[in-house]
There are 2 protein chains.
Amino acid sequence: MADVKPIGKALFLREEELRRGIELMFFAYRDFTGEADSILAEQNMGRAHHRAIYFIGRNPGITVSDLLTILCITKQSLSRVLSGLMQDGYVTQKPGATDRRQRLLYLTETGIALESRLTSLQGRRFAAAYREAGVDAVDGFQRVLRGLLDSDTIDQIAQQDQTSDI
Amino acid sequence: MADVKPIGKALFLREEELRRGIELMFFAYRDFTGEADSILAEQNMGRAHHRAIYFIGRNPGITVSDLLTILCITKQSLSRVLSGLMQDGYVTQKPGATDRRQRLLYLTETGIALESRLTSLQGRRFAAAYREAGVDAVDGFQRVLRGLLDSDTIDQIAQQDQTSDI
DNA sequence: TATATTGGTCAACATGGCTGACGTAAAACC
DNA sequence: GGTTTTACGTCAGCCATGTTGACCAATATA
């Protein structure tokens with residue numbers, strides 16, 4: 001401990017910085033999701049419902065298997081959530097035009113309303129953080145987050161951007 | 001749809017940007033935790049154990065109630081996790097010097113080993129992302145993440161930095 | 001001494017992951 | 001046309017991790 005050399009000091013700082021990142025990630029994710037969680041609790045839903053609603057809203061007509069690859073959960077888990085959402089009138093499905101085995105998923109009016117309520121809530125939090133931090137910071141934020149992704153996820157996101165109908 | 005004004009276009013872009021942030025946050029957190037999760041699964045532990053180990057390692061001698069405020073869970077949930085960790089020899093406790101009701105928590109050798117394995121794994125991911133993105137991006141990343149926090153959390157982190165014995 | 005604080009325990013419950021097994025309809029292939 | 005594969009669903013049960021509520025013990029403090 002006494003004979004700390006510059007390199008030791010540098011490594012120490014580096015570890016501190018990395019830990020700061022790890023912790024910020026934990027706290028930010030917790031706070032970022034917490035607000036939506038309380039709205040969901042009112043409707044007797046959880047975060048799993050939110051994720052399904054979000055990505056169906058984002059990709060109307062998505063197939064079950066595509067939703068599964070986005071969420072990385074088992075079909076049994078998703079099925080439970082989807083059945084609930086359909087029963088409660090947030091989601092509908094219709095058979096695929098070309099492949100009639102597929103069940104294309106859509107939000108209902110109610111589903112759209114809930115999705116937009118949740119997304120605008122989280123969006124406001126992001127907007128405030130972005131505004132405070134400034135444009136350059138936002139760019140850095142997104143670059144680092146992308147750097148944290150698995151390569152599979154990067155491919156997946158790239159693919160999604162291609163097929164997106166924007 | 002036909003008479004979209006500049007303001008409409010701007011809002012559209014803004015919403016796209018916000019959604020990109022929301023999604024990046026989801027995917028990055030998932031991938032960032034996923035790697036550690038698989039190590040934990042080997043030891044029959046989950047993310048809850050990881051969080052406890054991490055913050056005990058970070059604050060040796062932390063009291064149960066301080067750990068509770070960091071984690072924001074009930075004492076029953078924490079108690080279950082802590083009992084397991086103590087039984088399996090990752091954590092020890094000793095009574096507080098001034099207040100003997102307190103049980104100060106410490107990692108054992110085994111606990112330290114596991115913590116450092118997990119943290120260095122996540123640290124490597126962060127280090128790679130930081131290296132790729134560059135110093136300015138890292139600063140922006142941290143600024144935006146801090147902007148996403150609840151004000152309570154900000155206070156809490158500030159307080160922790162003060163009492164930290166660095 | 002009376003009260004508040006720190007921490008633990010037991011019981012019961014919900015959510016949301018998981019595995020495994022099995023079924024059905026439709027597409028794709030030989 | 002018959003077989004295989006794919007897309008999806010269901011039932012059953014398990015585990016981790018969160019929750020409430022009730023209750024208890026030791027200790028600090030006013």
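Every chain is numbered from 1, with letters handed out A, B, ... down the list of sequences.
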Qualifying residues under side chain to side chain donor-acceptor pair (under 3.5 Å), relative to A:D155, sequence neighbours excluded: none
In residues 138-147 of chain B, what donor-acceptor pairs under 3.5 Å come from side-chain atoms, sequence neighbours left out?
unit_1: B:Q142; atom_1: NE2; unit_2: B:Y130; atom_2: OH; d: 3.3
unit_1: B:R143; atom_1: NH2; unit_2: A:A133; atom_2: O; d: 3.2

A:Q93 vs A:R80, nearer the 5' end of DNA chain D by closest nucleotide: A:Q93
Salt bridge flag under 4.0 Å for residues A:E16 and B:R58: yes
N/O (side chain, A:H49) to phosphate O (OP1/OP2, C:dG16) under 4.0 Å: yes
Residues in side-chain contact (heavy atoms from CB on, under 4.5 Å) contact with B:S120, at least two apart in sequence or another chain: B:R124
Under the salt bridge (charged side-chain N to carboxylate O under 4.0 Å, His left out) test, residues paired with A:E35 that sit two or more places apart: A:R125
Results of side-chain contact (heavy atoms from CB on, under 4.5 Å) for B:S65 - residues two or more places apart only: B:T63
Reading 5' to 3' through nucleotides 20-30 of chain D, protein heavy-atom contacts under 4.0 Å coded B for base, S for sugar-phosphate only, - for none: BBB---BBS--
For B:D136, all residues meeting side-chain contact (heavy atoms from CB on, under 4.5 Å), sequence neighbours excluded: none
Estimated bend of the helix from C:dT1-D:dA30 to C:dC30-D:dG1 (axis per five terminal pairs, rounded to 10 degrees): 30°
Sugar-phosphate only, base, or nothing, as touched by B:R47 at under 4.0 Å among non-hydrogen atoms: sugar-phosphate
Pairwise salt bridge (Lys or Arg N to Asp or Glu O under 4.0 Å) hits with a residue in residues 96-113 of chain B, at least two apart: B:D99-B:R101
